[in-house]
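Input: a single structure, listed below in C-alpha cells.
All ligand and atom numbering here is 1-based and tracks the order in the structure. Only heavy atoms go into these numbers, but all of them, side chains included; no hydrogens, no water, no symmetry mates.
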Amino acid sequence: MFYKSTRNSEVKISSAEAIVQGISADGGLFVPSEIPSISMDEIVSLGDMSYAERAAYIFKKFLTDFTDAELKYCTESAYNDKSFATANIAEISHLFDGTYVLELWHGPTCAFKDMALQILPYLLTTSLKKTGINKKVVILVATSGDTGKAALEGFADVEGTSIMVFYPQDGVSAMQKRQMATQEGKNVTVCALNGNFDDCQNGVKAVFTNEEIKQKLSNGGMMFSSANSINWGRLAPQIIYYISTYAELVKDGEINAGDKINVVVPTGNFGNILAAYYAKNMGMPVNKLICASNANNVLTDFINTGIYDRNRKFITTVSPSMDILISSNLERLLYIMCGENDAQIRDWFGKLASEGRYEVTDDVKAKLKADFAAGCCDDVQTKACIKEIYDKYSYTLDTHTAVAVKVYEDYKKATGDNTKTVIASTASPYKFSTAVLEAIEGSVGDMDEFDKVEKLHQVSGYDVPKSLAELKDKEIRFTGVIGRDEMKDFVLKSLSL
Ligand SMILES: *Cc1c(COP(=O)(O)O)cnc(C)c1O
C-alpha cells in the first residue's frame, strides 16, 4: 500500500511519509492507493478485542509500512483508561428503537477530536523515526475551539515536538478558552488573535509557506507539520470507531452480522463522515451515510444537487465546530468517486478557489445520491431537538449531536427508512453549557461558566467530566493576544529563532 495525492496520481509515498508531510506539495490530500477490505468474519472477531487491539488490527491494513510492534505501541499508548474516562474508549447509548448514539467524547478534552489526536503524536513520532527525519517537529494549529485543545492535550510534553495554537479572541466558547489558557506542558504555546477564525487560519498558512521562516527553522533543526484533518494520520483513526461499533452491535445482539446500518454524522470539514465512507467501502454493511449540517448548509445543497457553492453568508451558530463553508475532506471523496482522475480534481478545486463554485458530473452526482443523504437545521430546531430528546428519553445532547438527531428524524419521516442507525455524537454537552441549558431551561440567567456546569449537572444527572471540573482551579498560563500582523514574529520569538 502506498499513498498518492488527489491532485497528482503519480505521487507514490509510504504512510509514514504522508503523515509527516501532512499535505502534498501540489496542494492535494494524501489518499491510500486502494481501499483495503475487511470480511464479516474479521469484523465479528473484533468483538472480542479491546479498542486498542481493534485499532491495531485495522491500522495494519492502511499503515502497511508500520511494524506490528509499532502499531501496538501507538494504539496502547493512546487508547487506555488513563486518557479516556471509559475503558471502552467510545460508548454506545441506545437512544430509542433501533437508534444508537455513538459517544466519541470520553477523551481528555470532551470532543471527538481526541479519538484521532490522542494517537496522532505517536503515529507522527514513529513516522519520523521510520523516515529517518531527525528534526524537531513544530505543530502549528489554527482552531475554532475543539481541535486546538485536543491537539495541545495530545502533543503536550511529547519529545521531539512542540505545538503552537492560535484561536480567535472572541470566537470560542468560555469553556474552550479556559481549556486552552490553562494547558500544561513544557512544549506548548497558546495565543489569542485579535481577529476571526479565518484570520487565524490565513496567518498560520502564511507562516507555513514563508520561505524565510522555513529556512530559519531548518537551520535550527526544526520543521513544521499539521494536526488538521487534512493529515491522513487524523483520518485513519476515525475509520476504526465505525467498524468497532458495528462489531460491538453484533456482539450485543443488537444487529445480525451482515445487517446494513445507517450512519448519521454532524459534519463540518467532512473528515468524520468520510471515515464512515471508508469503513463502508472496506466492507462494513451500510445503507445510507447521512450528512447533517447546521445553517451553514453548503454540503446539504451539494449532496442534493451536485453543485458546491460557497458564495453564501457565513452564519455563526450554536454548533460552532460545524460553522464552515469549505469542507476540505470532500476532495478525498470526489477523487475516489471520479475514478481517481487528478485532472478533474485540479479543475474543480481550481474553480472553488477562483469562483467559489463547481459542479460535478452526472456520474458523480449519481454516486453521491447512492451513498449519501443530507439535511440541515437551524439553531431554533437544534435547541428544540435537545429539549425534545431530553423530555422524551432523559438524554442530554450537545448542540452538534442535536443537529444530527434532528436531521435523522427528518430523514426517517421523509423516507420511512427503518434501518438500524448509529448517530455519531461529537461533543460532551458540558462544552456548550450555555446553549444546552437555554434549550432545556428556556434561559440561563447571569451565571459564570462553572455555575452553568453545575446547573447542567443537576439538569442532566451526568457526571461532570473530571478534566472540565479541574479547570476551575488551574492556573491560567496563557493570556497573550496579538494582532494579525504579529504572528510571524510571535512564532520566531517563541522558537528562539
Ligand atoms: C470537528 C467537529 C465536528 C465536525 O467534524 P468534521 O470531521 O470536521 O466534519 C462536529 N462536531 C464537533 C463537536 C466537532 O468538534
Side-chain angles (χ1 to χ4, degrees), residues 29 90 101-118 120 141-154 167 171-173 175-176 179-180 197 201 227-239 241-242 263-279 289-300 302-303 317-333 372 374 376-377 382 386 397-407 423-433 435-436 465 468:
L29 306 189
V101 177
L102 172 59
E103 298 173 354
L104 299 168
W105 40 262
H106 294 285
T109 77
C110 305
F112 92 100
K113 303 289 195 291
D114 288 328
M115 299 299 291
L117 280 162
Q118 278 297 299
L120 181 64
V141 182
T143 183
S144 61
D146 286 336
T147 297
K149 177 60 184 180
L152 285 164
E153 197 62 40
Y167 70 88
V172 301
S173 82
M175 186 60 88
Q176 288 173 322
Q179 279 186 307
M180 291 188 276
F197 173 63
Q201 194 152 41
N228 263 294
S229 69
I230 50 171
N231 192 322
W232 181 254
R234 262 196 65 184
L235 204 88
Q238 300 187 329
I239 300 169
Y241 48 73
Y242 289 111
V263 179
V264 191
V265 185
T267 297
N269 217 6
F270 209 77
N272 201 0
I273 195 166
L274 182 70
Y277 176 83
Y278 270 100
L289 299 165
I290 301 168
C291 176
S293 300
N294 62 22
N296 295 291
N297 57 359
V298 62
L299 284 168
T300 314
F302 175 66
I303 288 168
T317 73
V318 292
S319 42
S321 300
M322 296 156 68
D323 292 347
I324 188 159
L325 291 180
I326 297 187
S327 301
S328 333
N329 274 297
L330 199 57
E331 182 164 340
R332 286 187 165 114
L333 177 76
F372 292 89
C376 59
C377 69
T382 304
I386 293 175
L397 297 164
D398 93 288
T399 46
H400 303 77
T401 311
V403 169
V405 173
K406 166 66 179 155
V407 166
I423 300 174
S425 177
T426 48
S428 157
Y430 283 108
K431 274 195 113 163
F432 304 94
S433 310
V436 173
L468 297 186

Protein heavy atom at shortest distance from atom 7 (O) of ligand 1: Asn272 N, 2.9 Å
Intermediate values then yes/no, side-chain contact (heavy atoms from CB on, under 4.5 Å), Leu289 and Val265: CA-CA 8 Å; Leu289 299 165; Val265 185; over 6 Å; no
From atom 2 (C) of ligand 1, work out which of Met322, His400, Lys113 has a heavy atom at the shortest distance. Lys113
Which of the numbered atoms in ligand 1 are below 4.0 angstrom from a heavy atom of Ala427? 13 (C)
Do any N or O atoms from the side chain of Arg234 and from the backbone of Lys113 form a donor-acceptor pair under 3.5 angstrom? no
Intermediate values then yes/no, side-chain contact (heavy atoms from CB on, under 4.5 Å), Asn272 and Tyr242: CA-CA 10 Å; Asn272 201 0; Tyr242 289 111; 2.8 Å; yes
The closest protein heavy-atom partner of atom 12 (C) of ligand 1 is Thr426 OG1, 3.4 Å
Could you report the tightest heavy-atom contact between Asp146 and Lys431, atom names first, then the distance? OD1-NZ, 2.7 Å
Heavy-atom distance under 4.5 Å between the side chains of Asn294 and Asp323, does that happen here? yes
Going by heavy atoms, is Phe112 under 4.0 Å from ligand 1? yes
Winner among Thr267, Leu274, Asn269 once heavy atoms are compared against atom 8 (O) of ligand 1: Asn269
Can you tell me the protein heavy atom closest to atom 9 (O) of ligand 1 and the distance? Gly268 N, 2.8 Å
Just by distance, do the side chain of His400 and the backbone of Ser321 share a donor-acceptor pair under 3.5 Å? yes
Ligand-residue contact atoms, ligand 1 with Gly271, heavy atoms, under 4.0 Å: 6 (P), 7 (O), 9 (O)
Min side-chain heavy-atom separation Ile386-Phe432 under 4.5 Å: no
Could you tell me which atoms of ligand 1, counted from 1 in the order shown, lie closer than 4.0 angstrom to a heavy atom of Pro266? 4 (C), 10 (C)
Check contact between Ser229 and ligand 1, using heavy atoms of the residue and a distance below 4.0 angstrom. no
